[in-house]
Amino acid sequence: MANFLNISSQAVTPWSNATSVFSSNTKFSLSNKYSHNFSFPHISTSASGCRFSWMEENLTSHRNMYNNGRRPSQVQLALPRTSTVSVSSVEDLFAFICSGPLINKTGLTEQKIAESIDKWLLCASQLCRVFQLNELKLDDAQKIRLYHYYIPVFLWCEDQISQHASKFKDGEEVPPLVIGFSAPQGCGKTTLVFALYYLFQITGRKTATISIDDFYLTAEEQGELREANSGNSLLEYRGNAGSHDLPLSVETLTALSKLTEEGMKMKVPRYNKSAYNGRGDRADPETWPEVEGPLTAILFEGWMLGFKPLPDEVVKDIDPQLEIVNKNLRAYYDAWDKYIKAWVVIKIKDPSCVYQWRLQAEHAMRADGKSGMSDEEVNILYLSDIFRVLDFVSRYLPAYKAYLPTLYAEGPNGSDPNHTLVVEIDEGRNPILIG
């Protein structure tokens with residue numbers, strides 16, 4: 001390893017439009033295990049005059065960039081907000097980054113991190129801006145979320161995109177890489193995908209975001225499904241296999257994969273969950289967001305992406321109602337999974353966490369509108385939230401119990417282990433070491 005790794009903002013070409021945070025004259029030597037005399041630029045930690053400081057601004061334009069038609073609040077819920085501490089020095093931050101549980105899994109090394117420390121800090125700065133965090137006073141949970149989770153996954157996705165592009169000859173059209181994000185509800189996948197989408201946008205690369213929610217059946221079709229499966233609570237509402245418009249999935253993924261040139265555009269389906277008193281319906285096509293090529297990647301997220309059908313007797317032992325869902329699942333590989341060439345699997349130890357996360361989301365949304373209400377009224381509403389969450393999650397738990405063990409043991413349906421990143425998270429939605 002070289003004695004000095006010269007790091008300058010000029011070497012990070014995707015960030016050419018961003019203001020450099022460094023005066024690159026001062027060298028730091030790292031203490032303890034990191035004392036490799038890496039050449040770190042100087043960064044001021046004073047709030048006044050710091051070019052890496054918190055920028056007060058209206059962030060509406062940033063949120064509007066996330067062209068998926070979902071409420072901005074939905075991508076805020078998984079971000080921790082607690083007491084703050086002072087920002088650490090660059091060498092301490094370097095050691096903190098290197099201690100992350102995803103570093104080895106994403107193919108990063110101390111030297112690679114040192115060479116790209118400017119990029120790490122700029123990524124964090126931009127995410128702080130869009131999530132309205134003060135980068136000079138990040139608490140430990142926020143530092144973990146940025147430096148141990150979002151940025152390593154972003155760099156892994158960048159590497160997957162590079163590997164994908166390398167398979168094509170000069171002059172050939174390179175279709176966007178479809179990256180699948182399989183993760184239980186409430187674990188923060190929407191926030192993660194938003195963070196990745198935003199980082200790709202500010203580095204000048206176009207991506208499209210889609211969710212399995214976008215492909216739910218229309219309200220009328222859901223009614224027909226419900227009548228055809230009367231008495232089966234798993235198909236009474238949208239969610240499980242059988243409640244999606246698979247031809248629409250194929251049409252959308254095929255069309256998005258062809259957006260390889262400047263000026264090519266298409267509208268992407270979206271779903272209105274609030275329609276029909278919460279039963280939902282496909283959003284008016286006039287409101288669907290438009291995406292424009294050339295696309296670099298398609299970020300596709302969903303709670304059941306990659307689930308593999310199981311023998312009927314296995315699912316019947318878990319819940320007899322799951323048998324028809326399992327049969328429906330057999331058609332999903334050709335509609336979804338075969339398009340996905342790189343996977344991020346967010347792994348949880350206990351599916352019951354979904355109850356807690358869903359309730360947190362309900363309470364957070366409820367808190368926004370509780371001003372002027374008495375404590376008794378608030379408590380009654382919170383109690384109703386609990387019953388609603390119990391009912392909601394109970395419709396998904398049989399599928400979690402059936403399919404998550406295989407997903408974690410074998411990987412998503414049709415996946416390549418060399419292009420699959422497994423991120424195990426704790427109850428706080430933060431990555432932890434596994435294996």
Closest non-hydrogen atom pair between L196 and Y150, with its separation: CD2-O, 3.9 Å
Minimum heavy-atom distance between A114 and F94, given as atom pair plus value: N-CE1, 3.6 Å
Between [Y] and [X], do the side chains contain a donor N or O and an acceptor N or O under 3.5 Å apart?
| X | Y | result |
| --- | --- | --- |
| E323 | N326 | no |
| E236 | N232 | no |
| R282 | N272 | no |

Test side-chain contact (heavy atoms from CB on, under 4.5 Å) applied to Y396 - qualifying residues, sequence neighbours left out: Q185, Y216, W303, F392, Y400
Residues K143 and E135 bridged, charged N to O under 4.0 Å: no
salt_bridge(K119, E158) N-O dist < 4.0 Å: yes
Heavy-atom donor-acceptor pair, N328 side chain to I324 backbone, under 3.5 Å: yes
Check: N413 side chain, Y333 main-chain N or O, donor-acceptor pair, under 3.5 Å: no
Lys/Arg cation over aromatic Y408: K347, 6.0 Å, 45° cone: yes
F307 and its ring-ring contact (aromatic ring centres under 6.0 Å, His included) partner, picked from Y403, W336, Y332: Y403
Where at least one partner belongs to residues 160-177, residue pairs that pass salt bridge (Lys or Arg N to Asp or Glu O under 4.0 Å), sequence neighbours excluded: none
Min side-chain heavy-atom separation P101-I432 under 4.5 Å: no
Candidate pair F131 and F194, rule ring pair (Phe, Tyr, Trp, His ring centres under 6.0 Å), full reasoning: CA-CA 10 Å; F131 287 125; F194 168 75; 5.5 Å; yes
